[in-house]
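The block underneath contains the structure these notes are about, expressed in structure tokens.
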Protein chains: 2
Amino acid sequence: MTSASRMRPFERSLPMQLMLAREAVMQRFRPHLTARGLTDQQWRIIRALNEVDDLEIADLGARCCLHAASLSRILPKLAADGLISRRGSKTDQRRVIVSLTAKGRRLFEALAPQSEAIYAALARDIGSAKLEKVYQLLDDIIVSLARPARARRNAAAHIRIPVRKTGP
Amino acid sequence: MTSASRMRPFERSLPMQLMLAREAVMQRFRPHLTARGLTDQQWRIIRALNEVDDLEIADLGARCCLHAASLSRILPKLAADGLISRRGSKTDQRRVIVSLTAKGRRLFEALAPQSEAIYAALARDIGSAKLEKVYQLLDDIIVSLARPARARRNAAAHIRIPVRKTGP
DNA sequence: GCCCGATGATTAACATGTTAAGGGTTTCAG
DNA sequence: CTGAAACCCTTAACATGTTAATCATCGGGC
């Protein structure tokens, strides 16, 4: 039996641990992003767009885990910086399609090697075996909690947790 | 091995996984907090204060992982709601000491059982073995990344990540 | 005692998270 | 065809995260 069965001392709360772990990871990446004037979210958007030609807002939000409301504020800024371009869909005027500009792709190309280097150092510090275990466990948690057995009331309201969408 | 040299598929990025896992967990707790008009952070503050008689701002921030700047906005609201009380230290006029009021303790007592029940259901859905593994791995990651290999002097702190800036 | 750097907290400015409401399109039943 | 519903995105309002600047206080050296 571990301390988990006693009164949890609050510092060991799962959300807090996940937050601290994420912060510990992001502290490795953030300096290089801020040096380029990018926030975490902006970098997620750029990474997501770099993998494809273009994306609708909803798909982009699903891929980089950002609300459409947040994207509505972030994308105009990225467009003003010339990193992305926005255009309307020809078949459905409601939809907005965004894509990286040449400048945006150059920014990605400039940052990607650093990002990979940081990730490599991080994998070295953590250990690849542990790292792989973490990935599996987190995946497992996300799936386990997204579908709590047979409790499927109309909780499908807002945030959807994209579990491995259409494999590319 | 895997494709460490290529850009990772991005959906499996560690920060994103940690974020999704945390969101999946918080979605279990959040409805009960919002029903009481509390945010995640406000609940963390109440939980932290409930474990002690009182705390200085800095210590409170360390315990519930909130910046002093954030606390400076949240604490006045909680005080206005009558959940906490604030007073100055007699020995050091710079310090502010906060504590739960009776109303604040009652709110904690009202929410704690629900919180424990949700956690129990969550532990059941995840499985206690996996849950314990996650705790250990996250602890490990936090420690591993906080001290990148060759630890810089000072290791007095136990598991806290006290510093976030790299220096100007 | 006095200056001055260090410290604890607050404030401001900007960026995002979250929810609700709004506006323009599309879709579909009738 | 038409009007209501559904849909996609945007905007607004509020709360927090983050950084830098500010203010008041404390501490020590002189």
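Quick caveat: nothing in here was measured; it's all calculated off a predicted structure.
- In this structure, CZ of A/Arg30 is placed 12 Å from C1' of D/dT19, rounded to the nearest angstrom.
- Contact annotation: A/Ser70 reaches the phosphate of C/dG17 (side-chain N/O to OP1 or OP2, under 4.0 Å).
- Note: B/Trp43 and B/Phe29 fail the aromatic proximity criterion, with ring centroids not under 6.0 Å apart.
- One distance of note links CD1 of A/Ile97 with CG of A/Leu55; it measures 9.0 Å at 0.5 Å rounding.
- The pair B/Arg28-B/Glu23 fails the salt-bridge criterion, with no side-chain N (NZ, NE, NH1 or NH2) lying under 4.0 Å from an Asp/Glu carboxylate O.
- Nearer to the 5' terminus of DNA chain D, by closest-nucleotide assignment, is the contact made by A/Arg86 (compared with the other of A/Thr34 and A/Arg86).
- Annotation: the span from A/Phe108 atom CZ to A/Leu49 atom CG amounts to 10.5 Å, rounded to 0.5 Å.
- One interatomic measurement links the two molecules: CG of B/Leu38 to C1' of D/dA15, which rounds to 13 Å at whole-angstrom precision.
- The nucleotide whose nearest atom lies closest to any side-chain atom of A/His67 is, among D/dA15, C/dT18, D/dC9, C/dT18.
- Considering only the side chain of A/Ala69, D/dA12 comes nearest among D/dA12, C/dT16, D/dG17.
- Not one side-chain nitrogen or oxygen of B/Gln41 sits closer than 4.0 Å to the OP1 or OP2 atom of C/dG17.
- A salt bridge does not link A/Asp81 to A/Lys103: none of the charged nitrogens lies less than 4.0 Å from a carboxylate oxygen.
- Comparing B/Met19 and B/Ala68 by the nucleotide of DNA chain C whose heavy atom lies nearest to each, the residue mapping closer to the 5' end is B/Ala68.
- With distances taken from any side-chain atom of B/Gln93 to the nucleotides D/dT25, C/dT18, D/dT18, the minimum falls on D/dT25.
- Of the candidates C/dT18, C/dT16, C/dT10, C/dT10 carries the atom nearest the B/Val96 side chain, counting heavy atoms from C-beta on.
- Between the CG atom of A/Leu75 and the P atom of D/dT10 there is a distance of 7 Å, given to the nearest Å.
- In this structure, B/Leu71 reaches neither bases nor backbone, as no heavy-atom distance under 4.0 Å exists between it and the strands shown.
- Of the candidates C/dT25, D/dG17, C/dT16, the closest approach to any side-chain atom of A/Asp92 belongs to C/dT25.
- Rounded to a whole Å, the CZ atom of A/Arg22 is 13 Å from the P atom of D/dG17.
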Restricting both atoms to N or O, compile the protein contacts to nucleotides 5-7 of chain C shorter than 3.5 Å, with distance only.
unit_1	atom_1	unit_2	atom_2	d
C/dT7	O2	B/Arg94	NH1	2.8

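- The CZ atom of A/Arg22 lies 5.5 Å from the CE atom of B/Met19; values are rounded to the nearest 0.5 Å.
- Summarising the geometry, the separation between CZ on A/Arg73 and C1' on C/dT16 is reported as 6 Å, rounded to the nearest angstrom.
- We find that CD of A/Glu56 is positioned 16 Å from P of C/dT25, with the value rounded to whole Å.
- With C/dT18, C/dA15, D/dT25 as the candidates, the nucleotide lying closest to the side chain of A/Lys77 is C/dA15.
- Along DNA chain C, the nucleotide nearest to A/Leu66 and the one nearest to B/Ile97 differ in position, and the one closer to the 5' end is contacted by B/Ile97.
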- How far apart are the C-alpha atoms of B/Val96 and B/Glu56, what are their side-chain angles, what is the distance that settles it, and do they pass the side chain to side chain contact (heavy atoms under 4.5 Å, CB included) test? CA-CA 6 Å; B/Val96 174; B/Glu56 296 176 8; over 6 Å; no
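- Side-chain proximity of B/Thr39 to C/dA9, C/dT18, D/dA15: nearest is D/dA15.
- In this structure, B/Met26 places its CE atom 13 Å from C1' of C/dT18, rounding to the nearest Å.
- The CG atom of B/Leu78 sits 11 Å away from the P atom of D/dA15 (whole-angstrom rounding).
- Side chain to side chain, B/Ser99 and B/Ser85 meet the donor-acceptor criterion of an N or O pair below 3.5 Å.
- Residue contacts shown for B/Ala58 are limited to sugar-phosphate atoms, with no base heavy atom under 4.0 Å away.
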